[in-house]
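First the structure, in the form of structure tokens, and then the observations on it.
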Amino acid sequence: MTNLLWLCLVLWISTATLFTTSSAMPPPNPIKCNDINSNCQLSNSYSVWGDRQTCHAPNIVYPTTEEQLRQELANANKNNLKVKIVTKFSHTIPKLACPSNSKNSLFISTEKYDSTIDINMERLTVTTDGGVGLRKLIDTIEKAGLSLVASTYWEGVTVAGVISTGAHGSSWWGKGGAIHDHVIGLNLIVPVNENEGYAKIIKLTPQDPLFNAAKVSLGLLGIISKVTFQMEPAFKRSITLNFTNDSGIEDEFMEHARKNEFGDIQWYPSRQIAVYRYDNRVPLNTPGDALNDFLGFQSNPILLSRSVRAAEKGFENTRNVGGKCTMASFFVAYKKLIANGLKNNKLIFTGYPVVGHQGKMQSSGSCLYSSSIDITSTCAWDPTINGLFFYESTAIFPSSKFGNFIRDIKKLRDLVKPENMCGVDIYNGFLFRFIKASDAYLGQGEDSVVVDFNYYRASDALTPRFNQDIWEEIEQMAFLKYGAKPHWAKNRNVAFVDVQKKYPKFNKFVAAMVQLDPKNMFSSEWSDEILFGKQEDFKGDGCALEGMCICSEDRHCSPSKGYFCKPGLVYQQAHVCRFSSISTS
């Protein structure tokens, strides 16, 4: 791309994103059926699973009440069907929601099970149907003068889905940033024998032995039909973003988390910039009515999303590091200009601090909402438009180990030169968030730092990526050298290798599976692959290119295109696919 064309694209992005609408064409439904409720295929939000294979079931049902949910599970149990629960969002990247590849399987959707939200003002609690969307829940309780303390940054999730996968915001204060740790009760529908009616509802509280298994269950214990959260009286938040140099970030992250209730840090390694988010609650009478409309979750003109993807793809194909760095520099500068989507008056950013109600500051996702007027904008990753397409790697570190992980990345940056890390800064760099120790069997056992990083994914499974060895080394550094836990709803398959060894109470969770689902109705080869960290014994040609394996031979990379299996540069036990003129495996 010439400098003139790139300049035109930059100017277009600046203009288009300043005037994006708050509503747009919604993302496609993740369920597509050839006939009415039959021959159905499930996709994730990017429409492509890690292995690029399809996920399907012969039939789907849409219960609207808890009793109908129980009846559908009873019918499935009676007919020896495999079952997976799906939602209208489907944002898990691994194939947790995929049933076994057989004709004896069923999708049970909670899309129409979302009507009940019961608030108890005396106890400051809310009980909601499992299919209720996070935004609907937040808006309802805010109108009642209450706030949900923890939530995900992305609001396109359901209540049951968000706790099932250990999803989180950011906080080391109080009960912490993980949403499941604010749950004080839930109903679980489980299969039982014929004498008990094939399915029953069990009610769990923190005193029940199964409660800590059910809080983060990956959909493997039964159907979460009701969830009760502890609320707090409504409050506001005050946010200031500090764009500064990244020197000392490895020593400062702990203090930042301790001083800021909802603080996080965004790190752009190629730009050597750290963005400290000073984010704390303030009294309800503090002036301000702001909105957090995170830039990455805003609707974008379809042509813009396509153009950004085409530009990055062109730079990948031509190995143009300069082009990628120009994109990264522009995007980071633009985020600083508009405070990454914070809007003081719900329209534009006018200055810090940005103060608003908790319900408008804790979560965002404006690209989710449809408009009959605007059908030219949508979420930038909408799979129907050939827009952004990327990987999401998310690792959960014990706080004591995280500083050394950052130091290792800085060493790697020095070796490969900062410009070769521009690829991650086109997206969101590295996002550091904080979650407290949890009693959930599949939760984090100690105060932890969660790091997310997104990076380019090729359109074709066998196409190697520019500088892919850097991101593979960082990925293996996180999960192998430092033993980080993978986020259950994100990541490539290699992140789950030996994952069961990272959870001291893993055997207790498996025992709960045996007790509640003895026929393995909710398990499949896909969920077993993730939960038990299983990898196929057969490692095919090119399997490392998409994280389906860690390379041990050149053929696992792409030797015909100059990518060979090499050791890591800083973490030399890593095995990565690196571009080279010769093979030295």
Side-chain angles (χ1 to χ4, degrees), residues 9 12-13 15-33 40-50 52-55 86-95 97-98 109 111 133-135 152-158 161-162 167 293-314 316 327 331 334-335 340-341 363-392 394 426-428 452 454-461 489-490 492 546:
L9 179 58
W12 184 27
I13 292 171
T15 304
T17 51
L18 276 174
F19 297 101
T20 50
T21 58
S22 60
S23 60
M25 183 175 69
N29 194 300
I31 289 285
K32 293 182 176 62
C33 300
C40 300
Q41 183 171 313
L42 173 72
S43 61
N44 59 22
S45 58
Y46 307 120
S47 198
V48 180
W49 299 104
R52 296 189 186 244
Q53 302 299 309
T54 58
C55 169
V86 296
T87 76
K88 61 183 177 182
F89 296 117
S90 187
H91 263 266
T92 57
I93 294 170
K95 299 177 83 170
C98 292
S109 174
E111 181 174 351
L134 180 61
R135 173 48 57 192
T152 51
Y153 283 19
W154 165 249
E155 63 189 45
V157 291
T158 63
V162 82
D293 187 15
F294 173 62
L295 178 62
F297 300 156
Q298 293 178 15
S299 58
N300 286 303
I302 291 172
L303 289 177
L304 172 60
S305 300
R306 288 175 176 169
S307 297
V308 171
R309 171 66 179 183
E312 188 181 14
K313 189 174 183 178
E316 280 277 328
M327 291 181 76
F331 286 134
Y334 186 67
K335 290 174 183 178
N340 216 5
S363 192
S364 62
S366 58
C367 70
L368 282 168
Y369 308 109
S370 61
S371 166
S372 58
I373 300 173
D374 181 14
I375 59 171
T376 62
S377 299
T378 187
C379 299
W381 61 86
D382 186 323
T384 65
I385 67 166
N386 296 320
L388 303 188
F389 188 45
F390 50 88
Y391 292 113
E392 290 187 66
T394 304
I426 291 173
Y427 296 89
N428 292 304
D452 299 82
N454 301 345
Y455 45 103
Y456 178 90
R457 185 176 184 183
S459 300
D460 179 77
K490 301 181 182 180
R492 308 190 317 161
E546 295 229 295

Got a second to check how far [X]'s [atom1] is from [Y]'s [atom2], nearest 0.5 Å?
X: Ile302; Y: Asn386; atom1: CD1; atom2: CG; value: 10.5 Å
X: Ser377; Y: Asp382; atom1: OG; atom2: CG; value: 11.0 Å
X: Asn44; Y: Cys98; atom1: CG; atom2: SG; value: 8.5 Å
X: Glu312; Y: Ile426; atom1: CD; atom2: CD1; value: 4.5 Å
X: Thr158; Y: Phe89; atom1: OG1; atom2: CZ; value: 7.5 Å

Stepwise side-chain contact (heavy atoms from CB on, under 4.5 Å) test for Arg309 and Tyr456: CA-CA 9 Å; Arg309 171 66 179 183; Tyr456 178 90; 3.1 Å; yes
If you look at every heavy atom in [X] and [Y], which pair is closest and at what distance?
X: Glu546; Y: Arg492; value: C-NH1, 3.4 Å
X: Ile31; Y: Cys40; value: CG2-CB, 4.5 Å
X: Pro383; Y: Pro28; value: CG-CG, 4.0 Å
X: Asp460; Y: Arg52; value: C-NH2, 3.9 Å
X: Tyr334; Y: Leu295; value: CD2-CD2, 4.1 Å

Any side-chain heavy-atom pair of [X] and [Y] under 4.5 Å:
X: Asn428; Y: Phe294; value: yes
X: Val308; Y: Leu388; value: yes
X: Ser305; Y: Ile385; value: yes
X: Arg457; Y: Val48; value: yes
X: Thr376; Y: Pro301; value: no
X: Cys367; Y: Asn300; value: no
X: Pro27; Y: Ser45; value: no

Counterpart residues, ring-ring contact (aromatic ring centres under 6.0 Å, His included), relative to Phe389 (two or more places apart):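 In terms of ring-ring contact (aromatic ring centres under 6.0 Å, His included), with neighbours along the sequence ignored, Phe389 is linked to no residue.
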Tell me every residue that passes ring-ring contact (aromatic ring centres under 6.0 Å, His included) with Tyr153, counting only those two or more places apart in sequence or in another chain.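 Per chain and number, Tyr153 pairs via ring-ring contact (aromatic ring centres under 6.0 Å, His included) with no residue.
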Is the distance between the ring centroids of Tyr427 and Phe331 under 6.0 Å?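 No.
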When the ring centroid of Trp154 is compared with that of Phe297, is the distance short of 6.0 Å?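 When the ring centroids of Trp154 and Phe297 are compared, they turn out to be within the sub-6.0 Å range.
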List in chain and number order the residues that pass side chain to side chain donor-acceptor pair (under 3.5 Å) with Asn29, two or more places apart in sequence or in another chain; answer none if no residue qualifies.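 Expected list: Glu111.
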Does Ser47 have any side chain to side chain donor-acceptor pair (under 3.5 Å) partners at least two apart in sequence or in another chain, and if so, which?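 For Ser47, no residue satisfies side chain to side chain donor-acceptor pair (under 3.5 Å) once neighbours in sequence are set aside.
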Salt bridge (charged side-chain N to carboxylate O under 4.0 Å, His left out): pairs with one or both residues in residues 86-95, sequence neighbours excluded: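 Qualifying pairs, neighbours excluded: Asp51-Lys95.
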Backbone of Asp452 reached by a side-chain donor or acceptor of Glu392 within 3.5 Å: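 Between the backbone of Asp452 and the side chain of Glu392 there is no qualifying donor-acceptor contact (under 3.5 Å).
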The criterion is side-chain contact (heavy atoms from CB on, under 4.5 Å); which residues satisfy it with Thr152, sequence neighbours excluded?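 Only Leu134, Val157, Val162, Ala167, Ile179, Ser363 meet the side-chain contact (heavy atoms from CB on, under 4.5 Å) criterion with Thr152.
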